[in-house]
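Naming: A, B, ... by sequence-line order, numbering from 1 per chain.
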Amino acid sequence: MKTPLNPPQVQAVRHVDGPLLVLAGAGSGKTRVITHKIAWLVRECGHAPGNIGAVTFTNKAAREMKSRVAALLGPRDGRGLMVSTFHSLGLRILQRDHAHLGYRSGFSIFDAEDARGVMRELLRSAGTDADQDGERLQWRISAWKSDMVSPEQAISKAADDTEHHQALLYAEYQRHLQAYNAFDFDDLIVRPVQLLAEQPDVREYWQNRLRYLLVDEYQDTNTSQYDLLRQLTGVRARFTVVGDDDQSIYAWRGARPENLHRLSEDYPTLRVIKLEQNYRSTARILRSANALIAGNPHLFDKQLWSTLGDGDPLRVIRSRDADTEVTRIAGEIIQHRFHKRTAFSDYAILYRGNHQARPFEKALREHQIPYRINGGNSFFDKAEIKDLMAYLRLLVNPDDNSAFLRIINTPRRQIGASTLEKLGAYAGQRDISLVAACGEMGLGEYLAERNLQRVREFSQWLDDMTRMAAREPVANVARRVLHETDYEAWLLETSRDPVRTEKRMASLAELVEWLGKLAAREEMDGRLDRVLAHLSLMGILDRQADDDGGDQVQLMTLHAAKGLEFDHVFMVGMEEGLLPHQASIDAETIEEERRLCYVGITRARRSLTLSWAAHRRRAGDTVECEPSRFLAELPTADVVWEDPTRPVDPEVRAAKGRAHLATLRDLLAND
DNA sequence: TGGGGTGATATTTTT
DNA sequence: TATCACCCCA
């Protein structure tokens, strides 16, 4: 984009003295505003890059922003600039100031699986039978943390017995994390907020370090993230937040879009600037998006407009069933691509739920259309990666019982469940970690000689490795662990599949390479603990980000599509019960469904096809489907319904709601 | 210890 | 209906 910034964009860039909220509509160039603003702060306002922080939600967004700032400022002028996710920002604070919380350096970061393991353990010892209560508990605790509710508050505010019980487990869970010298993901925000609030010197340091803060996707912040922003910017309130309330689609996991409105209450001097010129889509697409979102209540009004011309009308296509829908869209992509000489990568298929991807995968394969499914398997979900990470974590943090339990028998060391139970009881009694328990003399009274031997042997080995880890380069430590545990032999033995083993070893080699690369970074200082912490926050390997350069049709959920754009978009499964989803049809949640639909529409640059099927298999049997109510909310003049019998007064129809839609379906059902 | 049978369950997901 | 997690047995 070489065009100059438009007037509101310029205003947003130049307003630097007080708090600023930029309401940036879809495709209105918000990243551009943020990057230009960073450049402005450095070049025109004399801020050192090291005193500016830009915060995003995902690593991908952070990477993108970093590279765009670098392109603007050049690598030298941007030195020290802090572009990071909320979580890595929190991590940095903890790495410096964890001691105030009673944590020791080398602390572990627990991923969702580690956390679930701890909670299951708690549930078991609390006598709560259900294993899968673990998931509910995990959800509950995470919600409390996002809302900045401490265990004590949760206990006193509990609404019923179940919640009271959960709150007690929450308190217990936090005690365990502390004992393990570990933080979970939510803690990476919550505990820094706590530190900043309680420790004046810590607050002063960070407020001084970060003189200006910019936050992207502000509508997705939860309470703890908002508190972090407030603590960091303090009374000087030098910040820019950029967001769009119409694209708030994460309330279900704790996001508080009302944080947008809270800003003007908490900061009376707040300036609000709207970006409404869209550089992405045709006017018809934007009019449709505007019309749809007008169905939601608004505190800030916003009308997207564009100079790109009307373009093609949107199309609503109806299929008899899911199979027909899928083959039809595959066929359309092939034809359209042929006629318009486009690339496969210009097309995206967007859906509400992941399960909807499957039939499309099948059809695309059959039509030999290359595709890429976004989301799903993270590099760090692979068992072998987790194993090696657990070994390394244990070397850095011997209190990490979760890591210990993961690898004590991987590869096999003949240490069985009952031995571990006794070890755990012993450790629990003395309030020491499992690793520490392994090395204690008193253990002899509890374990049979043979088992004691094995435990001792492991403990001895761990000692040796820990000593080695202190002086050897990080990558060597990792290689040594793999070598000494005979990990490859174990893989081969357990999977009996040389090809699979080879793949897994390749993943491990990749991890080792990463460890080496990261350790070489200045800020890592060659420290294994730093490298591990950093790595635990990296969900997906960078390599995969590079990989999507291929010419492939993109398949993803509407959620995953946020922030992306495509020339030609297919929104599929546009039916009542799917979008809006059955579970989100109440008055409060329907608005988020509408925003989800809005996000989908605004992904399209040139063409948008909305597809629904009249019959679909759902939970076993085939049900008849009605077209999504959102389809009826689109402007008649900009949408072509494949079926000309469609009645033409969308406003009346929207008002009459579902009953009317049933009639509409009957009118359309002419096959 | 790993595979197979069984039973529950069915949005959206990052770090 | 299909998948997935878990438990139990060989």
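Taking the charged nitrogens against the carboxylate oxygens, Arg629(A) and Glu633(A) have no contact shorter than 4.0 Å, which rules out a salt bridge. Taking the charged nitrogens against the carboxylate oxygens, Arg595(A) and Glu592(A) do have a contact shorter than 4.0 Å, which makes a salt bridge.
For His355(A) and dT3(C), the NE2 to C1' distance is 12 Å, given to the nearest whole Å. Nucleotide dT15(B) holds its P atom 20 Å from the CZ atom of Phe183(A), rounded to whole Å. A straight line from NZ of Lys60(A) to C1' of dT13(B) spans 14 Å, rounded to a whole angstrom. One atom, CD of Glu135(A), and another, P of dT9(B), lie 11 Å apart when rounded to the nearest Å. The CD atom of Glu588(A) sits 21 Å away from the P atom of dT12(B) (whole-angstrom rounding). Here the P atom of nucleotide dG2(B) and the CG atom of Leu491(A) are 11 Å apart, to the nearest Å. Nucleotide dT1(B) holds its P atom 12 Å from the CG atom of Leu420(A), rounded to whole Å. Separating the CG atom of Leu564(A) from the P atom of dT13(B) is a distance of 13 Å, rounded to the nearest angstrom.
Ser584(A) comes within 4.0 angstrom of a nucleotide base, judged by non-hydrogen atoms across all strands. Looking at heavy-atom distances under 4.0 Å, Arg352(A) makes contact with a base.
Only the P atoms considered, dT12(B) is 14 Å distant from dA5(C), to the nearest whole Å. Separating the P atom of dA2(C) from that of dT13(B) is a span of 23 Å, rounded to the nearest Å. Taking atom C1' in both dT11(B) and dC6(C), one finds a spacing of 24 Å when rounded to whole Å.
Using a 4.5 Å heavy-atom cutoff, the side chains of Ile385(A) and Glu510(A) are not in contact. The shortest side-chain heavy-atom distance between Met119(A) and Leu169(A) does not fall under the 4.5 Å cut-off. The side-chain heavy atoms of Glu121(A) and His176(A), taken from C-beta on, include no pair separated by under 4.5 Å.
Scanning for side-chain hydrogen bond (donor to acceptor under 3.5 Å, both in side chains) contacts around Tyr250(A) gives an empty result, with sequence neighbours left out.
For residues 221-231 of chain A, the set of pairs meeting the salt bridge (Lys or Arg N to Asp or Glu O under 4.0 Å) definition, not counting sequence neighbours, comprises Arg230(A)-Asp266(A).
Distance from the side chain of Arg253(A) is smallest to dT13(B) among dT15(B), dG2(B), dT13(B). Among dT3(C), dT1(C), dG2(B), the nucleotide with an atom closest to any side-chain atom of Arg617(A) is dT1(C). Comparing dT15(B), dC6(C), dT11(B) against the side chain of His581(A) picks out dT11(B) as the nearest. Here the nucleotide nearest the side chain of Tyr250(A), chosen from dT12(B), dT3(C), dT13(B), is dT13(B).
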Short N/O separations, protein against nucleotides 8-10 of chain C, under 3.5 angstrom:
none

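Judged by centroid separation below 5.5 Å and plane tilt below 30°, His87(A) does not stack onto the base of dT15(B).
Listed pair Arg618(A) / dT1(C) fails the phosphate criterion, with no side-chain N or O lying under 4.0 Å from OP1 or OP2. The phosphate of dT11(B) has neither OP1 nor OP2 within less than 4.0 Å of any side-chain N or O from Asn354(A).
Considering Lys386(A), Arg393(A), Arg406(A) in turn, Arg393(A) is the only one that fulfils the side-chain hydrogen bond (donor to acceptor under 3.5 Å, both in side chains) rule with Asp114(A).
Summary of the strand contacts: Ser88(A) and Trp252(A) both lie near DNA chain B, and taking for each the nucleotide with the nearest heavy atom, the more 5' one is attributed to Trp252(A). Place Thr557(A) and Asn409(A) on DNA chain B by their nearest nucleotides, and Asn409(A) ends up nearer the 5' end.
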